[in-house]
K.L.:
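Okay, handing you the structure first.
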Amino acid sequence: DSGVTQTPKHLITATGQRVTLRCSPRSGDLSVYWYQQSLDQGLQFLIQYYNGEERAKGNILERFSAQQFPDLHSELNLSSLELGDSALYFCASSVGAGAETDTQYFGPGTRLTVL
Amino acid sequence: DAKTTQPTSMDCAEGRAANLPCNHSTISGNEYVYWYRQIHSQGPQYIIHGLKNNETNEMASLIITEDRKSSTLILPHATLRDTAVYYCFPNTGRRALTFGSGTRLQVQP
């Protein structure tokens, strides 16, 4: 158990819908990272928040957005869902903003299925 | 970015040591070598990291060659639960972790 929690574990929805994925970091961690993993693309970095502020952005679609709240939990919002958004979504957390020894610990993931 | 090369797959007998090699010949001086694993569809799990000295924790040992161009992850007594894909990569502290293809380790009973 990494200490990172994600809800829900599974989500099934229809195309065009909007969903929200939630992540709680390990106690004491200030950074939250979001990743998408689909079968054909491996692990793709989406976005990082550090202490409530956006810190780094990866291949995140405009239909996707995220935020980190004062209690440091984070939410990833996915809208206008398409079949291709079906994937595992992982959240990771780390203590700092991203130094060489800033280890990221991953949550168990949310499996999103878009029908 | 430093590139890594790992065997596609390896087998290991349960109870024996699993030695997983990684080549990172273009690693630069400030890059740490990190190892993670991913058991089928679970979240990637941090194993260990090191800069130039050998490291050991409760999960594994990491042996880094003196020239830092390669490393070996050692699981001293592999169990069936160690069956997973193992990833090694240098980390400069970039926010995005980049997992390559990794080594699929199959522990056989």
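Throughout, protein chains are lettered first and strands after them, A, B, ... in sequence-line order, and every chain is numbered starting at 1. Excluded from the calculations below are hydrogen atoms, water molecules and symmetry mates; all remaining heavy atoms, backbone and side chain alike, are included.
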K.L.:
Got a sec: does the CZ of B:R16 have more than 12 other heavy atoms crowding it under 6.0 Å?
P.N.:
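Counting other residues, nucleotides and ligands, CZ of B:R16 stays at 12 neighbours or fewer.
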K.L.:
Among A:I47, A:L43, A:V4, who wins on heavy-atom pairs under 4.5 Å with chain B?
P.N.:
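Heavy-atom pairs under 4.5 Å are most numerous for A:L43.
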K.L.:
Donor-acceptor pair, distance only, cut-off 3.5 Å: does the side chain of B:Y36 make one with the backbone of A:Q104?
P.N.:
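Here the side-chain-to-backbone pair exists.
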K.L.:
For B:Q45, which atoms come within 4.5 Å of any heavy atom of chain A: side chain, backbone, both, or neither?
P.N.:
neither
K.L.:
Starting from A:L83, can I reach A:I12 by hopping between I/L/V/M/F/W/Y residues whose side chains sit under 4.5 Å apart?
P.N.:
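As far as the 4.5 Å side-chain criterion goes, A:L83 and A:I12 are not connected within one cluster.
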K.L.:
Heavy-atom cut-off 4.5 Å, strictly under: side chain, backbone, both or neither for B:S101 against chain A?
P.N.:
neither
K.L.:
What part of A:Q44 lies closer than 4.5 angstrom to a heavy atom of chain B: side chain, backbone, both or neither?
P.N.:
neither
K.L.:
Hey, any chance A:F90 and A:L46 share a hydrophobic cluster, counting ILVMFWY side chains that come within less than 4.5 Å of each other, even indirectly?
P.N.:
no
K.L.:
Roughly how far, to the nearest 0.5 Å, is the CD1 atom of B:I47 from the OG1 atom of A:T103?
P.N.:
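Reported value, rounded in 0.5 Å steps: 12.0 Å.
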K.L.:
Check whether more than 12 heavy atoms from other residues, nucleotides or ligands sit under 6.0 Å from atom CZ of A:R111, and answer yes or no.
P.N.:
no
K.L.:
Indicate yes or no: at least one non-hydrogen side-chain atom of B:P44 is less than 4.5 angstrom from one of A:Q37.
P.N.:
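Not touching, per the 4.5 Å side-chain cut-off.
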K.L.:
Treat each ILVMFWY residue as a node, draw an edge where side-chain heavy atoms are under 4.5 Å apart, and state whether B:L80 and B:L75 are in one component.
P.N.:
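B:L80 and B:L75: one cluster.
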K.L.:
What about A:W34 and A:V19, same hydrophobic cluster or not, with Ile/Leu/Val/Met/Phe/Trp/Tyr joined at side-chain heavy-atom distances under 4.5 Å?
P.N.:
yes
